[in-house]
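All values derive from a computational prediction rather than experimental measurement.
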Amino acid sequence: MDVPGDYSSGQNDYIDYTVLMPPTPDNQPAGSSSSAASTSQSKPDANRSSKMGNKMERRLSVMKSNNKSMLLRSQTGDFDHNRWLFESKGKYGIGNAFWPDDIDNGEGGVIMSDFLDKPWKPLTRKVKVPAKVLSPYRLLIVLRLVILFFFLWWRVANPNEDAMWLWGLSIVCEIWFAFSWILDILPKLNPINRATDLDTLHDKFEQPSPSNPTGRSDLPGVDVFVSTADPEKEPPLVTANTLLSILAVDYPIEKLSAYISDDGGAILTFEAMAEAVRFAEYWVPFCRKHDIEPRNPDSYFSIKKDPTKNKKKPDFVKDRRWIKREYDEFKVRINGLPEQIKKRAEQFNLREELKEKRIAKEKNGGVLPPDGVEVVKATWMADGTHWPGTWFEPKPDHSKGDHAGILQIMSKVPELEPVMGGPNEGALDFTGIDIRVPMFAYVSREKRPGFDHNKKAGAMNGMVRASAILSNGAFILNLDCDHYVYNSKAIKEGMCFMMDRGGDRICYIQFPQRFEGIDPSDRYANHNTVFFDGNMRALDGLQGPVYVGTGCMFRRYALYGFNPPRANEYNGVFGQEKAPAMHVRTQSQASQISETSDLESDTQPLTDDPDLGLPKKFGNSTIFTDTIPVAEYQGRPLADHMSVQNGRPPGALLLPRPPLDAPTVAEAIAVISCWYEDNTEWGDRIGWIYGSVTEDVVTGYRMHNRGWRSVYCITKRDAFRGTAPINLTDRLHQVLRWATGSVEIFFSKNNAMFATRRLKFLQRVAYLNVGIYPFTSIFLVVYCFLPALCLFSGKFIVQSLDIHFLSYLLCISLTLILISLLEVKWSGIGLEEWWRNEQFWLIGGSSAHLAAVVQGLLKVLAGIEISFTLTSKASGEDEDDAFADLYIVKWTGLFIMPLTIIVVNLVAIVIGASRTIYSVIPQWNKLFGGIFFSMWVLTHMYPFCKGLMGRRGKVPTIVYVWSGLVSITVSLLWITISPPDDVSGGGGFSV
């Protein structure tokens, strides 16, 4: 390109800049040489070309005489794009970064605001485990399976002729252990992680849009259930803190409702909840104002770190000091409630007694009757009326199993619009802070003699019905009374899965259980991270995690026993043939819910399996049945993309909740009566399932069996936290309850062997393992005694410790260690946690699991019911030591078998070593083999031994007595069975 004379002479600011453009006839200056074709153009064309050349001269920068290339000047920084655009009036073009105002938009013109609409984004995504971890993990599993097969084949083909009974016992146990390991490891082949996008959830549901001009929340309603039964074992202060953490969660206030089920009907719990609601009027706005985490006041004020970290408001310290004082006074009031209620009852009872005496004197001529006056010792409320629940001195109609139903709405339905606080709200400045509190209701279902109330499952179903009439949240979050909300955004995290595409097929979101107050060494594997971070994460890659009783958000429609809108069936031996399940609409589906409801998308499968039929018997409350289609519709995801199926239009949930009136509350009380479930399907198909002490696992299994899916939601900040028993006795009784429920499942119709084709094969294997794992205790106990039997007899499970046995043992052990290391890698658990889990597996397997098998068989075969005591939520008597319960020794029959195993193995080591040392021909290989396996058993039993020794290492007297009895009995028994003689290989050893 030639340089015009005007630019070549003189100095100017843009002489060092250039723009290289490809030479075309349209962009060449007028003075440049042209081809013959251009000279032959007509005069108008030449004039137009001249004008274009002048225009290009004005817009293009010029080139310096010592020419540099465009690339070189860009790399050295000599070229300034901003200066070029300013001087030459160049154009950026069009796009969402810049859109010129003077561009011709045409008929279908586009403006800059059109680019401001954000593209559709999913609310969740799967994060796969890296292949460098997962591929070796799967390969090692296959390799170990092959090694186990050849090892067992070799063991069967090479019996020990010298001790066939030892060989037979060991080979049976080893085959069972291999089978049990396969059931446990196969569901772990496809672990996954998940992530949520809370910003996208906020943009979709809580921002102004054409369908939501005011930006009011379009999220569905959530009902939170808290269950308690005994205020002595579940302190009201713990329950009150859980309630406060729920009322302060970060979720639309008008869409949240809280319920507590007090299955004991205790006035202490009732008045403690009333106190908690009053304190919530200050605590909840305080949490919103200063973004407090966690929102359980007891946990928040117990945090060791600096409370002012990341707090920016200048009045935070003053507010915190004031609310801390209020909370201390609140705790004093809660702790003083038992004495206050008793004094109140004494005063009212004395008043009633004086009143009755006065009436009796008036009727008897001013003299008391000779038999005196009998006055019922009632329990009174603060307003001077009888408490309708359980009295301190139980009477007919006022005992734990015989009292009226109670429903009290302690916090009314909040206003639809925010209610902003003022500068003087109880010495706190809540200006610009929404001071509304979610609705809260106290529920205690009716109990009468002669009715089977079905323990916790029955209480949960009563709350399902009452909440459907009062608030009818599309989703239900259930928590134990000692599990509080640790992450205020936990409900929104779960809602991301429910409201995402495909969310209409999800029946529940299970959150991991995290615990506080566990001893630093986690002696009894209370954190249970191997299960919650390993097994549950792996099940999430199949059809979903099992339901574990607390920290679970349900789809209400799925709890009612309906089938998912879409499902797959898995045919073939291993479920390798996947096909969509056939669906068909039925007339009964529409008629049994509502004649006017729109159920076009609620198609149901045509099947003969009873678990895939339609729920029909909900009870005689038409108000309740009318809420079912409403809950189903409100639980649908947002239909904002073509890939979303069975969705609802945006802005459909903006209408206010109808106010509660007397007939509605009366109907809610009616549905928690003890007779309501007669001739219905509650507990059989609808709601929580009855018939097992582990109703949670059965309820989740029935949903998966219908084709629903579940999701495991692990949040960066723990969603919920609770307490767990750190005392050995309490821990074993907790495991006993779980294991007994598993035995019941195995012998019931809920056994996974009878599952439908909608259950994936590996999911079926996981549920099958749930029912089978307690039976491993039988073989485990036998195997724990085998080393002692080997040492007593001088024999071993194999003929000799040859190279084949040792090689197989080494390969099996190495592959197990490598698999465990990779499992630790993808699950994020620690090696110490894994080892604690292995130790407690043997402790629990030899005690609680064995007892569970016996109790389960008694219940199934003989009909003997098992009663379980609640796990105590209170701390030890020593309040200065947070882990005082850890050192308390409470004797239980569950200690007998582990203690016997320990004593027998110790005695066997002594006897075996003595026999070998004094033998004419000592067989050291058999001694070392027996000692090695005995030490394996004793190493696993180490936490059990520490638990028996208490705080200062003092062993209880009963342990010495039991150890002595076992030692003497074993020694005499073995002398009787195998008396020493000079001919035997035992040599000259004698007892």
Side-chain angles (χ1 to χ4, degrees), residues 228-240 243 260-279 326-411 440-449 481 665-666 669 672-674 870 874 877:
T228 185
D230 189 345
E232 294 182 1
K233 295 185 177 180
E234 298 169 330
L237 183 60
V238 174
T239 308
L243 174 62
I260 183 168
S261 170
D262 179 16
D263 221 26
I267 189 174
L268 180 58
T269 304
F270 178 85
E271 299 209 359
M273 296 305 103
E275 289 284 350
V277 171
R278 284 193 286 270
F279 178 69
E326 289 295 314
Y327 176 66
D328 290 339
E329 294 177 359
F330 165 75
K331 287 196 297 183
V332 171
R333 291 195 299 271
I334 295 292
N335 294 332
L337 278 177
E339 189 66 25
Q340 178 184 347
I341 295 172
K342 289 180 180 179
K343 287 183 177 180
R344 180 204 307 159
E346 291 174 358
Q347 293 174 358
F348 278 111
N349 288 331
L350 179 61
R351 186 194 65 180
E352 291 296 311
E353 184 178 359
L354 295 176
K355 181 179 178 181
E356 291 294 330
K357 287 182 177 180
R358 185 175 65 254
I359 295 174
K361 287 182 178 180
E362 292 176 356
K363 292 182 178 179
N364 200 31
V367 181
L368 284 175
D371 54 352
V373 177
E374 184 177 354
V375 179
V376 177
K377 301 296 183 180
T379 299
W380 297 77
M381 301 177 67
D383 61 352
T385 59
H386 282 181
W387 168 243
T390 303
W391 288 355
F392 287 116
E393 296 184 11
K395 300 293 181 181
D397 294 335
H398 294 285
S399 61
K400 283 190 176 181
D402 183 14
H403 62 78
I406 307 170
L407 192 149
Q408 189 75 20
I409 301 174
M410 296 184 173
S411 177
F440 168 68
Y442 169 93
V443 180
S444 182
R445 58 180 174 145
E446 181 186 14
K447 284 188 173 183
R448 298 299 180 191
C481 65
V665 177
I669 297 174
I672 60 174
S673 61
C674 56
L870 286 172
E877 295 179 0

Quiz item: Can you tell me if NZ on K400 sees more than 12 non-hydrogen neighbours from other groups inside 6.0 Å?
Solution: no
Quiz prompt | Side-chain donor or acceptor of N349 paired with backbone N/O of A378 under 3.5 Å | solution = yes
Self-check item: Check ion pair K342-E346 (N to O, under 4.0 angstrom)
Solution: no
Practice problem: Would you name the heavy atoms of L243 and M273 that are closest together and state the gap between them? | Solution: CD2-SD, 3.8 Å
Quiz item: Any idea which heavy atoms bring I260 and T228 closest together, and the distance?
Solution: CD1-CG2, 4.0 Å
Quiz item: Do we get K377 above F392's six-membered ring, with its NZ or CZ under 6.0 Å from the centre and within 45° of the axis?
Solution: no
Self-check item: Contact check, side chains of P388 and M381, non-hydrogen atoms, under 4.5 Å
Solution: yes
Quiz item: Counting only heavy atoms not in K395, do more than 12 sit closer than 6.0 Å to its NZ atom?
Solution: yes
Quiz item: For the residue pair T239 and E234, what are the closest heavy atoms and their distance?
Solution: OG1-O, 4.2 Å
Self-check item: N-O pairing of E275 and R278 below 4.0 Å
Solution: yes
Self-check item: Whether H386 and H398 hold their rings parallel, tilted or perpendicular, with breakpoints at 30° and 60°
Solution: perpendicular
Quiz prompt | Side-chain touch W380/I267, heavy atoms, less than 4.5 angstrom | solution = no
Practice problem: For residues S411 and V277, report the shortest heavy-atom separation together with the two atoms involved. | Solution: CB-CG1, 4.1 Å
Quiz item: With under 30° as parallel and over 60° as perpendicular, where do the rings of W387 and F270 fit, or are they tilted in between?
Solution: tilted
